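Accompanying notes for the structure given below.
Numbers for residues simply follow the sequence, beginning at 1. Ligands are counted one by one from 1 in listed order, and the atoms in each one are counted from 1 as well. None of these values were measured; they are calculated from a predicted model.
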Amino acid sequence: MKSPAPKNANEFTAPPNFIKHIIDEDIKAGKNDGRIHTRFPPEPNGYLHIGHAKSICLNFGLAEEYRGLCNLRFDDTDPAKEEVEYVESIKQDVRWLGFDWQDRQYHASDYFEQLFEFAIQLIKKGKAYVDSLSSDQIREYRGTLTQPGKNSPYRARTIEENLDLFERMRAGEYDEGEHVLRAKIDMASPNMLMRDPTLYRIKKVPHYRTGGMWVIYPMYDFTHCLSDSIEGITHSICTLEFEINRELYDWVLDQLEVYHPQQIEFARLNLNYTVLSKRKLIRLVEEGHVNGWDDPRIPTLSGLRRRGYTPESIRNFCERIGVAKADSMVDIALLEYCIREQLNKIAPRVMGVLRPLKVIIDNYPADKVEELGAINNPEDPDMGTRKIPFSRELYIEQDDFMEEPPKKFFRLAPGREVRLRYAYFITCVDVVKDSATGEVTALHCTYDPQTRGGDAPDGRKVKGTLHWVSASHALSAQVRLYEHLFVKENPNAVKEGKDFTAYINPNSLEILTNCMVEPGLAAARPGDRYQFERLGYFSVDTKDVGPESLVFNRIVTLRDTWAKILKAQQQKK
Ligand code: ATP
Ligand code: MG
C-alpha cells in the first residue's frame, strides 16, 4: 500500500534521531541503571549561535524526554580567551531557549585541582611525562599522516623526575613553553592525536575565575573526558570533528580507571548564506563588519533574538533539521519558515508604509475622519478587530504606483481603480511631479463612497489591494530591512587568496527612516512582533528605543521560499 500523500508541502514529521536509538538500546541493556545524564559544554570565548542551539536542544531535549538531567558546563581551560561577559550571555541564551540546568552550573575550572591529581596519577603509572622539547621540535617529532613520529629524548624520564618537574611547573618555576606534560601513548599511532598528546601547558595568564592560582592549564582532551566522568555524564554528545578525539577520550578514562561516559558524535549544523564559527563571528564583530554580537544579521542567539525570532521557532527549527551522522548544509529558508509559521498564528496584522507616497482623495471632505474596522488576525478570530482612521490625505507605498505600468502590474496607475484595504475603491486622476527631477511626489485620486469596506454595488472588480495609512494620523518610524549577510551560498568555501569577509553582502542592511505606520502602534513595546500587511513580519527593536522613535526590524518577508522548495522537491519525486 502506498503511504498517504502529505496534505500540504509543509506537513512535518520529526526526522529519526540515531542518538535516541542508542539511548533506547542502553536503557534496554540496563546500562547506568537506566540513568540519562547529558551536558552542554560551551567554552566561554564568544556568544552562542544557532549551531549551539542545535546542541542545546539536543542535550537538554534528551534529558527532558528521558527524565534525565542536563548540566551546563563551561569548558574554561584557556584563560587568554575566556570572559565573564561570555558566561553571562551563554546563560541568558540557554534560559531564553527555554532550558533549565537547575543547580547544575559547572566549570571545568572547578576541577583544576582534581585534574592535577589525575595527571599525577598518570605520571605515577608511567603514562605521562614532562617533555622539554620546544613546541617546534614537538611538531617536528610528531611525524605526518604518512610517517610515524619519533620519541622525544625526554620520554624516558623517571617517574620521580617527572613528578618533581610537574610540581615545579605548577609552582611557576618555568617560563611558558619550557616544559609540557604529555601522555605516553604511541608516537607511531595512525591517529595523530594519540602521538603523545599534550595534557598540560604552562600559561602565565590569569583566569577569569581562578585568578592567578594556576600557571599551568589542562588541555581540552584531558579536561573534557574527566569533567564528563566527574559529573557522571552518561552520553557525552559532541560534533563530528571530535570523532578522532574519542580514542584519546577513552584512553585517558581507561588509564585512570574512572567512571567512563560514552562519547557520541553528530553532524554540526551548517546554514547557507551565513557563518557558524565563533572564530569567524568574532572577526565580523571585532572588525566592524556588523554592529556587535546582537546585530540582527548574524546567527548568534542574541542577534536572532533582537531580530525578533522566538525561542519556540528556534526549537522548532532544531527539531525539523534532525540529528544525523553526516554533515549537510541546511537552507536558511527553513529557519525563516519556522518563524513565519509561528508568527502567522500569533502576530497581529497592522498597516505600515515603508516608502510613502502621498495620496489626496479629491472628493473626500477635508475635515472628515472615519474609523474603519480592520481584522487583527484572520488566522485567529479571538484576536478581534480594531479601528483605523481614514481621511482625505493618505500614504501608500511608492512602488504600488506606476505611471506607465507593464502588463502584469495590477496596482495603481493613472486612470486605474484599486482597493484600499479595509477602506474604499480609489481611482487615480492626476499625478503630481517635482518639476526639477520629474519624481512623482503625490497622486490625486477619487474614491467611491459606496465601496466602504467591501465591493462595489454594481459588481465592478479591481485587481489590486493596497495597504495605506492616514497621513495626519500615522506615526513615523524607522524600519531596518535585512538581506542575507553573505552573497555566496557557502562563504566558508573561499577561493584562493580570498577571505570569507570578501563575500559580505553590501546590502545586508537597509535603513528606512521615513516610514509611516498606523497610529495604534503607539502602544507597541520593545520586542513586540507584527505582520505589516504585504510586507512581512517585524519586531520593535529592543535596543534603539526612545520616546520619539519607533524602530522596527524586519524578521522575514511574507514570501515563503521554503514551501516552494518543498513543493518542487515533492513534484520531482
Ligand atoms: P565554533 O566551532 O563555532 O567555534 P565550538 O565548537 O568551538 O564552536 P563550543 O563552545 O566548544 O564551541 O561548543 C559548545 C558545544 O556546542 C559543543 O558541544 C559543540 O560541539 C556544539 N556546537 C558548536 N557548534 C555547533 C554547530 N554548528 N552545530 C551543532 N553543535 C555545535
Ligand atoms: Mg569547541
(message) With heavy-atom distances below 4.0 Å as the criterion, list the atoms of ligand 1 near Thr239.
(response) 20 (O), 29 (C), 30 (N), 31 (C)
(message) Any nitrogen or oxygen of Phe40, side chain or backbone, less than 3.5 Å from one on ligand 1?
(response) no
(request) Check whether any heavy atom of His49 sits under 4.0 Å from an atom of ligand 1. (result) yes
(message) With nothing but distance in play, are any N or O atoms of Leu269 less than 3.5 Å from an N or O of ligand 1?
(response) yes
(message) Here's a test for you: under side-chain contact (heavy atoms from CB on, under 4.5 Å), which of Lys127, Gln121, Lys184 qualifies with Gln255?
(response) Lys127
(message) Going by salt bridge (charged side-chain N to carboxylate O under 4.0 Å, His left out), name the pairs with one or both residues in residues 325-335, residues two or more places apart or in two chains.
(response) Glu265-Lys325
(request) Just jot down the ligand 1 atoms closer than 4.0 angstrom to any heavy atom of Pro41, in number order. (result) 14 (C), 18 (O)
(message) Suppose I only count heavy atoms of Leu276 and a 4.0 Å limit; which atoms of ligand 1 are within that range?
(response) 3 (O)
(message) Regarding Glu25 and Lys28, does a basic nitrogen lie under 4.0 Å from an acidic carboxylate oxygen?
(response) yes
(request) For this output row, return yes or no: ring centroids of Tyr217 and Phe112 closer than 6.0 angstrom. (result) yes
(message) In terms of relative ring orientation, are Phe116 and Phe166 parallel, tilted or perpendicular, with 30° and 60° separating the classes?
(response) parallel
(request) Give a yes or no on whether a salt bridge exists between Asp294 and Arg305, defined as a side-chain N under 4.0 angstrom from a carboxylate O. (result) no
(request) Return the orientation label for the Tyr106 and Tyr111 ring planes: parallel under 30°, perpendicular over 60°, tilted otherwise. (result) tilted
(request) Would you check the N or O atoms of Arg279, main chain and side chain alike, for any that come under 3.5 Å of an N or O of ligand 1? (result) no
(message) Out of all atoms in ligand 1, which are within 4.0 Å of some heavy atom of Ser277? Include the element for each.
(response) 3 (O)
(message) Listing request: all ring pair (Phe, Tyr, Trp, His ring centres under 6.0 Å) pairs with a residue in residues 279-310, at least two apart in sequence or in separate chains.
(response) Tyr47-Trp293
(message) Just to be sure I'm reading this right: ignoring hydrogens, which of Arg73, Glu241, Lys278, Glu265 gets closest to atom 12 (O) of ligand 1? Compare them by their nearest heavy atoms.
(response) Lys278
(message) Counting only nitrogen or oxygen atoms and a 3.5 angstrom limit, does Lys54 reach ligand 1?
(response) no
(request) Within a distance under 4.0 Å of any heavy atom of Pro42, pick out the atoms of ligand 1 and give their elements. (result) 10 (O), 14 (C)
